[in-house]
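Please read these numbers as outputs of a predicted model, since none were measured by experiment.
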There are 2 protein chains.
Amino acid sequence: MKILPDKTVERLSQYRRALLICRAENKTHIFSHELAGLIHITPVQVRRDIMLIGYTGTLRKGYDVHELISLIGRIIDTEEGLRVCVVGIGDLGRAIIRYFKGKRTKLVITAAFDANPEKVKCVYSGVPCYPIDQLETVIKEQGISIAILTVPGEVAATVGQTLEKAGIKGIINYTPTPLNVSENTYLGGYDMITSLEKAAYFVKSNREM
Amino acid sequence: MKILPDKTVERLSQYRRALLICRAENKTHIFSHELAGLIHITPVQVRRDIMLIGYTGTLRKGYDVHELISLIGRIIDTEEGLRVCVVGIGDLGRAIIRYFKGKRTKLVITAAFDANPEKVKCVYSGVPCYPIDQLETVIKEQGISIAILTVPGEVAATVGQTLEKAGIKGIINYTPTPLNVSENTYLGGYDMITSLEKAAYFVKSNREM
DNA sequence: TTTGTATTGTTAGTTTATTAACAATAAAAC
DNA sequence: GTTTTATTGTTAATAAACTAACAATACAAA
Ligand SMILES: NC(=O)c1ccc[n+]([C@@H]2O[C@H](COP(=O)([O-])OP(=O)(O)OC[C@H]3O[C@@H](n4cnc5c(N)ncnc54)[C@H](O)[C@@H]3O)[C@@H](O)[C@H]2O)c1
Ligand SMILES: NC(=O)c1ccc[n+]([C@@H]2O[C@H](COP(=O)([O-])OP(=O)(O)OC[C@H]3O[C@@H](n4cnc5c(N)ncnc54)[C@H](O)[C@@H]3O)[C@@H](O)[C@H]2O)c1
């Protein structure tokens with residue numbers, strides 16, 4: 001399939017999240033305007049995205065929830081799955097591991113890493129925690145390709161380097177430290193302060209009107 | 001000032017984060033390409049954003065770090081500040097409170113709420129936790145205008161309603177539950193699974209090439 | 001002094017993303 | 001059986017975001 005627009009990929013993920021909830025509620029079909037409402041966008045956008053991935057719904061009946069979930073899976077997920085690790089098991093790292101637990105079968109957190117010897121022996125929501133100096137070994141052994149970075153900001157840059165050296169293909173960086181990675185490593189992540197400040201700007205502008 | 005593009009506001013927040021680090025390192029001036037490198041965008045974009053907010057740097061010397069920080073503050077922040085609360089003090093809520101601690105003076109978390117009586121008495125990183133049934137009272141008393149929602153998904157919709165009733169103007173929803181709020185309440189938030197799935201799609205597409 | 005270089009500010013151009021519009025048509029209403 | 005309505009799929013139009021290009025110019029080097 002042709003490469004999809006960035007924003008469409010992002011929305012596909014959101015669609016799936018919403019559709020999984022629908023499926024859990026035994027809903028078999030959904031209209032474009034319903035799906036749109038769930039994630040606060042327009043129905044046109046939904047239809048356009050769905051067109052882009054080559055799916056067609058049934059007129060006056062909507063989209064088949066199961067089929068759509070499965071198609072989005074075929075687009076976003078890989079056949080054999082991708083493995084993910086979390087580096088830095090503080091509050092944020094733990095929250096993320098718990099949040100992921102059991103959510104996906106094709107994108108699984110299989111390892112955690114920490115520098116603190118106390119944490120290293122433990123298993124968090126089913127994910128074993130290894131000492132940070134085994135990072136490279138474990139990543140290669142398990143074939144992990146994506147890392148979520150939740151270490152303290154001061155050590156983030158160093159750990160980032162190590163991750164790249166270990167062969168990681170994508171990093172989601174939640175630390176406030178800018179990472180310096182090579183061109184072909186995907187870099188994601190966002191800052192909660194930025195989310196808040198956007199909200200603040202909106203609230204401010206709204207009040208002035 | 002004319003309303004700024006959404007993306008520019010987002011980047012202004014990121015610029016400030018980077019600039020604050022620079023200031024801490026006693027850097028007084030910064031070039032567009034340096035600032036760009038820190039957040040992985042192009043220098044042109046930096047210059048354009050800075051043009052939009054009406055600032056001008058010094059030729060061959062770059063932008064004054066202090067001045068730029070202060071100008072971004074005047075744009076994003078409000079004169080008298082905005083108050084923020086966190087609803088649901090689990091791992092994620094705590095991580096957020098800690099992350100914010102002391103970071104901003106114009107955007108301050110002043111209250112937390114939880115349903116668990118054990119947590120209610122405590123103070124988290126300087127933020128007192130109130131019982132959820134005092135939500136409306138405390139929000140009105142303290143003049144809180146933005147809420148960060150980190151309760152379990154099952155209760156999110158209900159709590160969202162209450163927040164709106166209490167006069168909240170913006171909600172950052174980190175739960176996976178779609179919220180149903182009125183038109184003029186700002187709604188933000190981000191899903192970490194979506195971040196990951198975007199990364200996965202990228203890694204997958206890259207490999208196929 | 002003159003020339004060359006680095007860097008800003010800005011305009012115009014391009015690409016990407018969103019929205020509007022509407023033909024097609026299945027189902028429902030009459 | 002005919003008309004109306006709701007909904008999809010798609011194309012065309014608009015808007016937003018980004019990028020390229022370059023004039024202007026301060027500073028450094030020659
Ligand atoms: N992006 C955001 O919006 C956001 C929000 C909250 C926190 N954060 C950031 O996320 C990071 C983690 O936050 P937290 O609240 O969980 O912090 P935390 O201090 O609770 O956790 C950090 C963990 O990293 C471990 N660690 C320290 N050095 C390490 C190393 N060299 N290698 C591996 N592990 C190491 C520590 O033992 C600890 O368990 C921080 O950088 C914080 O600033 C970002
Ligand atoms: N957006 C994301 O990427 C992301 C990541 C991680 C977690 N989450 C979500 O964030 C939420 C919190 O995650 P967590 O790991 O901190 O969960 P958690 O279970 O540790 O925390 C939830 C807290 O909410 C409190 N609570 C329960 N009912 C409440 C109510 N009615 N009013 C107020 N407080 C109430 C609980 O006492 C608990 O302290 C969950 O919905 C989770 O799915 C989202």
Side-chain angles (χ1 to χ4, degrees), chain A residues 1-15 19 22 27-68 71-72 75 183 187 190 194 198 201-202 205, chain B residues 1-15 18-19 22 27-68 71-72 75 183 187 194 198 201-202 205:
Chain A
M1 177 179 306
K2 229 184 72 212
I3 195 101
L4 295 167
D6 199 68
K7 287 294 179 68
T8 296
V9 175
E10 205 169 311
R11 282 191 299 262
L12 287 178
S13 171
Q14 296 177 253
Y15 296 152
L19 289 166
C22 293
K27 204 165 157 56
T28 62
H29 288 78
I30 191 168
F31 294 126
S32 59
H33 64 264
E34 293 177 303
L35 191 45
L38 290 173
I39 59 181
H40 303 104
I41 59 173
T42 67
V44 192
Q45 186 121 73
V46 171
R47 297 207 298 276
R48 212 168 184 298
D49 286 334
I50 286 177
M51 184 191 84
L52 285 176
I53 62 173
Y55 182 69
T56 71
T58 312
L59 197 45
R60 300 214 58 166
K61 209 171 164 199
Y63 304 100
D64 184 295
V65 172
H66 282 76
E67 283 179 15
L68 198 44
L71 175 58
I72 292 176
I75 291 165
E183 187 87 332
L187 206 52
Y190 77 108
T194 296
K198 257 174 80 173
Y201 180 78
F202 172 88
S205 314
Chain B
M1 177 179 306
K2 227 183 74 211
I3 195 100
L4 294 167
D6 199 69
K7 287 296 179 66
T8 296
V9 174
E10 205 168 311
R11 281 191 299 264
L12 287 177
S13 170
Q14 296 178 252
Y15 295 153
L19 289 166
C22 293
K27 203 166 158 54
T28 62
H29 287 78
I30 191 167
F31 294 126
S32 58
H33 63 263
E34 294 177 302
L35 191 46
L38 291 173
I39 58 180
H40 303 103
I41 59 172
T42 66
V44 192
Q45 186 121 75
V46 170
R47 297 207 298 276
R48 210 165 185 299
D49 286 334
I50 287 177
M51 185 191 83
L52 285 176
I53 62 173
Y55 182 70
T56 72
T58 312
L59 198 45
R60 301 215 55 170
K61 210 173 163 198
Y63 304 100
D64 184 296
V65 173
H66 282 76
E67 282 179 16
L68 198 44
L71 176 57
I72 292 176
I75 292 165
E183 187 88 333
L187 206 53
T194 296
K198 257 174 80 173
Y201 180 79
F202 172 88
S205 314

J.: From CZ of B:R48 over to C1' of C:dT7, roughly how many Å is that when rounded to an integer?
T.: 18 Å
J.: Write down the distance between NZ (B:K61) and P (D:dA24), rounded to a whole number of angstrom.
T.: 24 Å
J.: Are more than 12 heavy atoms, taken from residues, nucleotides or ligands other than B:H66, located less than 6.0 Å from that residue's NE2 atom?
T.: no
J.: Among C:dG4, D:dA20, D:dT8, which nucleotide has an atom closest to any side-chain atom of A:L59?
T.: D:dT8
J.: Round to the nearest Å and state the distance from A:H33 atom NE2 to D:dT5 atom P.
T.: 17 Å
J.: Just the rounded figure in Å: distance from P of C:dT7 to CD1 of B:I50.
T.: 15 Å
J.: Closest to the B:F31 side chain: C:dT18, C:dT7, C:dT11?
T.: C:dT7
J.: Among the nucleotides C:dG9, C:dA12, D:dT8, which one has an atom lying closest to any side-chain atom of A:S32?
T.: D:dT8
J.: From CD1 of B:I53 over to C1' of C:dT10, roughly how many Å is that when rounded to an integer?
T.: 16 Å
J.: Using a strict threshold of under 4.0 Å (side-chain N to carboxylate O), is an ion pair present between A:K198 and B:D6?
T.: yes
J.: Could you check which of D:dT7, D:dT19, D:dT11 has an atom nearest any side-chain atom of B:Q45?
T.: D:dT19
J.: I'd like to know whether NZ of A:K61 has more than 12 heavy-atom contacts from other residues, nucleotides or ligands below 6.0 angstrom.
T.: no
J.: Please tell me which of the listed nucleotides, C:dG9, D:dC18, D:dA12, lies nearest to the side chain of B:R11?
T.: D:dC18
J.: Which of these nucleotides, D:dT19, C:dT19, D:dT8, is closest to any side-chain atom of A:R47?
T.: D:dT8
J.: Does a distance-only test, which skips hydrogens and angles, find a donor-acceptor pair under 3.5 Å between the side chain of A:R60 and the base of C:dT25?
T.: no
J.: Could you tell me the separation between the NZ atom of A:K7 and the P atom of C:dT15, rounded to a whole number of Å?
T.: 18 Å
J.: Provide the closest heavy-atom pair for A:D49 versus A:R11 in the form atom of the first, atom of the second, distance.
T.: OD2-NE, 2.6 Å
J.: Please give, in whole Å, the distance from D:dT7 P to A:E34 CD?
T.: 8 Å
J.: Where is the tightest heavy-atom contact between A:L4 and A:L52, given as atom of each residue plus distance?
T.: CD2-O, 4.1 Å
J.: Output the single nucleotide from D:dT19, D:dA17, C:dA20 whose closest atom is nearest the side chain of B:V44.
T.: D:dT19
J.: Of the nucleotides C:dG9, D:dT11, D:dT19, which one has an atom closest to the side chain of B:T56?
T.: C:dG9
J.: Mind calculating the distance between CG (B:D49) and C1' (C:dT10) to the nearest angstrom?
T.: 14 Å
